[in-house]
Amino acid sequence: MNQLAVWIASVTGLTTETSLNLANTAAILLVLWAARPLVLRIVWRRTDDARTRYEWRRISGYVAATLGVLLVGRIWFKGFQSLAVYAGLFSAGIAIALKDLVANAAAWVFIVSRRPFAVGDRIQIGEFSGDVIDIRFFQFSLMEVGNWVEADQSTGRVLHIPNGMLLSAPLANYSHGFRYIWNEIPVLVTFESNWRKAKEILQEVATAHDDQKSKRAERTVKEASKRFMISYSTLTPIVYTTVRDSGVLLTIRYLCLPRQRRGTEEAMWEDVLDRFATAPDIDFAYPTRRFYDGPTRNSEA
């Protein structure tokens, strides 16, 4: 290493001490750069689990970066005698010149320490919704859901959101606490329909598709109540009755997992259509226009 330092000094004109520091710095960075892929290769051979691989890749990056800062700092700042002064001046300059990056870094510390969300969670922050697929020092990434796609399904776009947004925008986590969401299916029938029979049919369909979700949700509520003030008196599916301009609105309210919203809605709608098709006294309602011509009343849908 001394010979390399002498060569660097002869080429660049730097002092021998500075050249030695440069050589040691390059050696440390080279070792860290080579060691991380080697560790990841070992992990890759031992597991095929995507989450485990992601956690090792993320944590190994943080460890390598931390070791690099400590080892390189020890070279250039002589045992860190002046580290406190250096850190104070450096942080003050950074806070002024790079306030957005500082906010992103501070939010990353909050994410790591408090874990408002983790990789794999479905969240909404501000106007953006999606599944968390990556968390980095300055930003996190979402696989977008919703937007122009119905029922919270993936759009295929990856959103990169600065961590600092977490400090200023509301965050909704679909996966922590109470893991289920309430979904509603509105069914509008005419005033002339047997709406009580229609309501019974909808209740039967909703109950048949409950598939023990209510009981599992009760256990989830008990667990969530240890951390949050969450309390539900009714978790079983229910049908509500409301009157609208065009008919009687029957709304099915039921529990489902966030990623199963569209599938459960499709299955229930298909059963409802089949059951209503066999009931001649039940008709779907829709907006109509009526025209009056003297004593004769004509209607046009």
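Quick caveat, the model's predicted, so the values are computed rather than measured. All values below come from the heavy atoms of this structure, side chains included, with hydrogens, waters and symmetry mates left out.
- Within the 3.5 Å criterion, the main-chain N or O of W195 finds no donor-acceptor partner in the side chain of S193.
- The CZ atom of F191 lies 7.5 Å from the OG atom of S246; values are rounded to the nearest 0.5 Å.
- One hydrophobic cluster holds both M165 and V132 under the rule that ILVMFWY side chains link at heavy-atom gaps under 4.5 Å.
- Grouping Ile, Leu, Val, Met, Phe, Trp and Tyr residues whose side-chain heavy atoms lie under 4.5 Å apart, directly or via other members, leaves V145 alone, with no other cluster members.
- Between the side chain of E192 and the backbone N or O of D281 there is no donor-acceptor pair closer than 3.5 Å.
- When every heavy atom of V239 is checked against every heavy atom of K199, the shortest pair comes out as O-CE, 3.2 Å.
- For CG of D245, the number of neighbouring non-hydrogen atoms (other residues, nucleotides, ligands) closer than 6.0 Å is 12 at most.
- Between the side chains of N183 and Y254, at least one donor N or O lies within less than 3.5 Å of an accepting N or O.
- Clustering of Ile, Leu, Val, Met, Phe, Trp and Tyr by side-chain heavy atoms under 4.5 Å joins V158 with I133, M143.
- Within the model, atoms NE2 of H209 and OG1 of T264 stand 9.0 Å from one another, a figure rounded to the nearest 0.5 Å.
- In this structure, L202 is not a member of the same hydrophobic cluster as L188, with clusters built from ILVMFWY side-chain heavy atoms closer than 4.5 Å.
- Here the shortest heavy-atom pairing between A34 and P37 reads O-CD, 3.4 Å.
- Counting only heavy atoms from C-beta outward, the side chains of T236 and T207 never approach each other to under 4.5 Å.
- With rounding to the nearest 0.5 Å, the separation of CG in L142 from CD1 in I135 is 9.5 Å.
- Residues in residues 258-278 take part in these ring pair (Phe, Tyr, Trp, His ring centres under 6.0 Å) pairs, two or more places apart or across chains: F276-F284.
- Remark: R157 engages E144 in a side-chain hydrogen bond (donor to acceptor under 3.5 Å, both in side chains) (not counting sequence neighbours).
- Of all non-hydrogen atoms in G247 and A285, the two that sit nearest each other are CA-CB, 4.4 Å.
- W182 and L257 fall within a single hydrophobic cluster, where Ile, Leu, Val, Met, Phe, Trp and Tyr are joined by side-chain heavy atoms under 4.5 Å apart, directly or via other members.
- Between the CG atom in L166 and the CG atom in N104 there is a gap of 10.5 Å [rounded to 0.5 Å].
- With sequence neighbours left out, E204 forms a side-chain hydrogen bond (donor to acceptor under 3.5 Å, both in side chains) with R275.
- Sorted by first then second residue, the ring pair (Phe, Tyr, Trp, His ring centres under 6.0 Å) pairs that include residues 102-128, not counting sequence neighbours, are Y62-W108, W108-F137, F117-F140.
- Separation of atoms CG (L250) and CD1 (I201) is listed at 10.5 Å; rounding is to 0.5 Å.
- Note on Y180: it does not cluster hydrophobically with Y174, by side-chain heavy-atom contacts below 4.5 Å among ILVMFWY residues.
- Two different hydrophobic clusters hold V31 and W33 under the rule that ILVMFWY side chains link at heavy-atom gaps under 4.5 Å.
- When all heavy atoms of Q124 and S129 are compared, the closest pair comes out as CG-OG, 3.2 Å.
- Note: M268 CE to I185 CD1 = 4.5 Å, rounded to the nearest 0.5 Å.
- Between I125 and the choices L171, L159, N173, the side chain to side chain contact (heavy atoms under 4.5 Å, CB included) rule is met once, by L171.
- Of all heavy-atom pairs spanning I238 and Q203, the tightest one is CA-OE1, 3.7 Å.
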